[in-house]
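Only one structure is covered here, and it is reproduced in the block below.
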Amino acid sequence: SSAPARLLIERDQFVLDGQNFTVRAGCVHYFRVHPDLWEDRLARIAALGLNAVQTYVPWNYHQAWNASSLGPARVDLDSPSRDLPRFLRLAHGLR
């Protein structure tokens, strides 16, 4: 397996594996996009020349509530429309 990338900051510049690196990010709200379209949307970000994806995690979307106890029942990170690990794997796979 290859060594992990090395990211440094030198004189106010990111340096990735010895090369100057500029972060160019696009935002995807995965929870507002159907999961079947995640890969397409991420590919469009890459096609624009962007090299990073920004998102946030809306915990109220992932946290199921138990009506009988009026408290949180569990955190749902794996149902198809809430599969945050899958979205992150797809985003990581785009280079």
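Excluded from the calculations below are hydrogen atoms, water molecules and symmetry mates; all remaining heavy atoms, backbone and side chain alike, are included.
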Q19 atom CD, neighbour heavy-atom count above 12 within 6.0 Å: no

Y61 and Y30 aromatic ring geometry - parallel, tilted or perpendicular at 30°/60° bounds: perpendicular

Listed once per pair and sorted, the side-chain hydrogen bond (donor to acceptor under 3.5 Å, both in side chains) pairs that draw on residues 76-91, sequence neighbours left out: D76-S79

Residues forming a side chain to side chain donor-acceptor pair (under 3.5 Å) with T22, sequence neighbours excluded: none

Ring pair (Phe, Tyr, Trp, His ring centres under 6.0 Å) against H34, all qualifying residues, sequence neighbours excluded: none

Residue pair F14, L7: steps toward the side-chain contact (heavy atoms from CB on, under 4.5 Å) verdict: CA-CA 7 Å; F14 287 116; L7 180 66; 4.1 Å; yes

Where at least one partner belongs to residues 35-54, residue pairs that pass ring pair (Phe, Tyr, Trp, His ring centres under 6.0 Å), sequence neighbours excluded: W38-F87

Transitive ILVMFWY side-chain link L16 to V53, under 4.5 Å: no

Contacts of D17 that satisfy salt bridge (Lys or Arg N to Asp or Glu O under 4.0 Å) - sequence neighbours left out: none

Pair Y56 + H29: ring centers closer than 6.0 Å: yes

Those residues that, when tested against N51, pass side-chain contact (heavy atoms from CB on, under 4.5 Å) (two or more places apart): F21, V23, R24

Residue list, side-chain contact (heavy atoms from CB on, under 4.5 Å) with A43, at least two apart or on another chain: none

side-chain contact (heavy atoms from CB on, under 4.5 Å) between I9 and V15, worked out: CA-CA 6 Å; I9 300 174; V15 178; over 6 Å; no

Partners passing side-chain contact (heavy atoms from CB on, under 4.5 Å) against P4 (at least two apart in sequence or in another chain): none

Side-chain heavy atoms of V75 within contact of W59, under 4.5 Å: yes

Side chain to side chain donor-acceptor pair (under 3.5 Å) partners for R11, two or more places apart: none

Nearest-0.5 Å distance, CZ of residue R32 to CG of residue L37: 15.5 Å

Taking every non-hydrogen atom, the tightest pair across P80 and P35: O-CG, 3.2 Å

With sequence neighbours excluded, residues passing side-chain contact (heavy atoms from CB on, under 4.5 Å) with N60: P58

Contacts of D40 that satisfy salt bridge (Lys or Arg N to Asp or Glu O under 4.0 Å) - sequence neighbours left out: R44

